[in-house]
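What follows is a single structure, written as structure tokens, with notes after it.
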Amino acid sequence: EQAQRGENPLMGWVPSVPSNGVDLQPSSDEFGKFERRGLDLAHAVGFVIPAGGLGERLGFSGVKFALPAELCTGQTVLQVYAGY
């Protein structure tokens, strides 16, 4: 809803390294546990890997992420992707 109103829901947020994170060591039991959990959920994950470079072959002089994706709102591919 915030994105639809043109608001940035992350305004004022400052990224930081979590102090209560987990340091996983490959081949450890804990690493294996998380790896199995990730593999169990992998069927529900999607990845988008856009090709790099300019959109010249598409008749566009900018980078591909700046291509217009929404005619009504004028949002770019990156804006739509980030707002999803």
Side-chain angles (χ1 to χ4, degrees):
E1 292 177 15
Q2 290 174 315
Q4 290 174 339
R5 293 190 302 264
E7 298 173 6
N8 181 349
L10 299 177
M11 184 62 72
W13 178 73
V14 177
S16 61
V17 175
S19 59
N20 61 346
V22 177
D23 183 17
L24 297 175
Q25 299 300 316
S27 301
S28 70
D29 289 340
E30 190 174 26
F31 184 94
K33 179 182 82 171
F34 282 106
E35 184 176 41
R36 282 187 297 281
R37 174 111 169 104
L39 290 173
D40 287 344
L41 297 172
H43 71 278
V45 176
F47 295 92
V48 175
I49 303 174
L54 300 175
E56 294 168 333
R57 287 181 290 160
L58 303 171
F60 185 73
S61 61
V63 294
K64 291 176 187 157
F65 268 134
L67 279 165
E70 294 279 341
L71 296 178
C72 295
T73 64
Q75 287 186 312
T76 65
V77 171
L78 180 58
Q79 289 171 316
V80 171
Y81 179 72
Y84 182 75

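Residues take their numbers from the sequence shown, with the count starting at 1. This one's a predicted model, so the numbers in the text were calculated from it and none came from an experiment.
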What is the minimum heavy-atom distance between Phe31 and Leu24, and which atoms define it? CD1-CB, 3.9 Å

Looking at Leu71, I'd like to know if its CG atom is crowded, meaning that more than 12 non-hydrogen atoms belonging to other residues, nucleotides or ligands lie closer than 6.0 Å. no

Value rounded to 0.5 Å, distance of CG in Leu41 from CZ in Arg36: 13.0 Å

What about Leu67 and Leu78, same hydrophobic cluster or not, with Ile/Leu/Val/Met/Phe/Trp/Tyr joined at side-chain heavy-atom distances under 4.5 Å? yes

Heavy atoms only: give me the nearest Thr76-Ala66 pair and the separation to one decimal. CG2-O, 3.6 Å

Evaluate whether atom CG of Asp40 has more than 12 neighbouring non-hydrogen atoms of other residues, nucleotides or ligands under 6.0 angstrom away. yes

